[in-house]
Amino acid sequence: GTTYRLPADQPLFVYWGGQGELTSHHDGSPGQLDAYEFMIWKNGSIHEGDGSQNADYHVWDIPVVAPVAGTVVAVENGVPDHAPGDSAESDSVDAVSQAGNYIVIQVAPEEWVVLAHLQQGSIEVAVGDQVQPGEQLARVGNSGSSGEPSLHMHAQAAVHLDAPEGSSLRLIFAGYVANAGADVPLGIPVRGQFVAPAAASSG
């Protein structure tokens, strides 16, 4: 199966991730059971100040890099970023609206990976582009159903964001460090872990 690298070149905090309702708030969306939300945790918090501005969040505006080689098949770049706490989330909102600005990359014949909640106007790739792991694609934003800036990532066995039941694919990451410990050659990060690309030294 496909293995992925982390979608950023700096240490990330797994805010949501892993399987099951206790660790993943995406359980209500059948195509996103194994989705991740990545943030950055510094000095005991995900943000500076009172967190009322997007720029208060450590993850805001960091470069998002391709987690895998593939072909860009869908892009949305025009959704405005909202202030923290003002998400578009509601039961009636479809998966595309929830994603905000997003990139869908086809990885294999039956596998697509989605990066979402990206910053308006930050996407640097277009449909049809071939991307390589580590290539900069966009910047982290706060668009769609995110309550605060975060980087959403999931894989599914369907090209459309409103993927049907059973289409969620488990993301297996290669070459990362968990909680500043030993390198993890292959693994599935879980909520609460700090993960960083193995090449990036933490400090």
Side-chain angles (χ1 to χ4, degrees), residues 1-19 23-27 29-41 46 57 59-76 95-96 98-108 111-119 122-125 131-163 167-176 178 184 186-197:
T2 306
T3 56
Y4 291 84
R5 56 152 289 161
L6 292 169
D9 282 330
Q10 44 201 292
L12 297 170
F13 175 62
V14 184
Y15 190 74
W16 289 106
Q19 275 194 311
T23 59
S24 174
H25 68 160
H26 301 97
D27 255 26
S29 181
Q32 301 182 23
L33 291 179
D34 296 285
Y36 283 89
E37 296 285 346
F38 292 108
M39 298 194 184
I40 291 180
W41 181 283
I46 57 172
Y57 288 78
V59 79
W60 170 257
D61 200 42
I62 70 161
V64 177
V65 303
V68 68
T71 304
V72 177
V73 295
V75 167
E76 172 57 65
V96 174
Q98 290 179 355
N101 298 306
Y102 62 85
I103 300 170
V104 181
I105 299 167
Q106 183 161 15
V107 181
E111 184 164 357
W112 289 263
V113 65
V114 179
L115 299 164
H117 306 325
L118 304 172
Q119 196 176 134
S122 74
I123 295 176
E124 301 177 19
V125 291
V131 298
Q132 295 300 320
E135 180 181 336
Q136 184 169 329
L137 302 179
R139 290 183 175 274
V140 173
N142 190 19
S143 59
S145 65
S146 51
E148 58 278 296
S150 68
L151 175 53
H152 170 104
M153 177 178 175
H154 75 269
Q156 59 188 39
V159 66
H160 296 294
L161 291 184
D162 50 355
S167 61
S168 174
L169 299 173
R170 181 171 288 196
L171 289 166
I172 298 177
F173 290 89
Y176 68 96
V184 180
L186 280 178
I188 298 176
V190 294
R191 182 180 180 188
Q193 278 188 330
F194 295 88
V195 293

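Both backbone and side-chain heavy atoms feed into the values below; hydrogens, waters and symmetry mates do not. One-based numbering along the sequence shown.
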(request) Please round to the nearest 0.5 Å and tell me the distance separating atom NE2 of His154 and atom CD of Glu37. (result) 10.5 Å
(message) Keeping Gln156 on the side-chain end and Ala158 on the backbone end, is there a donor-acceptor pair under 3.5 Å?
(response) yes
(request) Kindly determine whether Leu171 and Asp34 satisfy side chain to side chain contact (heavy atoms under 4.5 Å, CB included), including the steps that lead there. (result) CA-CA 7 Å; Leu171 289 166; Asp34 296 285; 5.6 Å; no
(request) Give the ring-plane orientation class for Phe13 versus Trp41, where under 30° counts as parallel, over 60° as perpendicular and anything between as tilted. (result) tilted
(request) Give the minimum heavy-atom separation between Ala99 and Ala116, together with the two atoms involved. (result) O-CB, 3.5 Å
(message) With heavy-atom distances below 4.5 Å as the criterion, would you say the side chains of Leu118 and Leu151 are in contact?
(response) yes
(request) Kindly write out the residues that satisfy side-chain contact (heavy atoms from CB on, under 4.5 Å) with Thr3, not counting sequence neighbours, or none if the list is empty. (result) Ile172, Ala174, Leu186
(message) Please report the interatomic distance CD1(Ile62) to CD1(Ile40), rounded to the nearest 0.5 Å.
(response) 4.0 Å
(message) Just to verify, what does Arg139 make a side chain to side chain donor-acceptor pair (under 3.5 Å) with, not counting sequence neighbours?
(response) none
(request) Return the minimal non-hydrogen interatomic distance between Pro133 and Arg5, and the atom names on each side. (result) CB-CD, 4.0 Å
(request) Just jot down the side-chain contact (heavy atoms from CB on, under 4.5 Å) partners of Val184, sequence neighbours excluded, or say none. (result) Tyr176, Ala178
(request) Run the numbers on Glu148 and Val59 for side chain to side chain contact (heavy atoms under 4.5 Å, CB included), then give the verdict. (result) CA-CA 10 Å; Glu148 58 278 296; Val59 79; over 6 Å; no
(message) For a 4.5 angstrom cut-off between non-hydrogen side-chain atoms, does Val72 reach Ile123?
(response) no
(message) The criterion is ring pair (Phe, Tyr, Trp, His ring centres under 6.0 Å); which residues satisfy it with Phe173, sequence neighbours excluded?
(response) Tyr36
(request) Give a yes or no answer on whether the side chain of Ser167 reaches the backbone of Ala157 with a donor-acceptor pair at less than 3.5 Å. (result) no
(request) Quick one: do Val107 and Leu169 satisfy side chain to side chain contact (heavy atoms under 4.5 Å, CB included)? Show the steps, please. (result) CA-CA 12 Å; Val107 181; Leu169 299 173; over 6 Å; no
(request) Answer yes or no: is there a side-chain heavy-atom contact under 4.5 Å between Leu137 and Pro7? (result) no
(message) Is there a side-chain contact between Val159 and Gln106 in this structure, where contact means two heavy atoms from C-beta onward sitting under 4.5 Å apart?
(response) no
(message) List the residues meeting side-chain contact (heavy atoms from CB on, under 4.5 Å) with Trp60, not counting sequence neighbours, and say none if there are none.
(response) Asn54, Ala55, Tyr57, Asp81, Gln119, Asn142, Pro149
(message) Are the side chains of Ser146 and His152 in contact, using a 4.5 Å heavy-atom criterion?
(response) no
(message) Suppose we screen for side-chain contact (heavy atoms from CB on, under 4.5 Å). Which residues come up paired with Val96, at least two apart in sequence or across chains?
(response) Asp94, Tyr102, Leu161
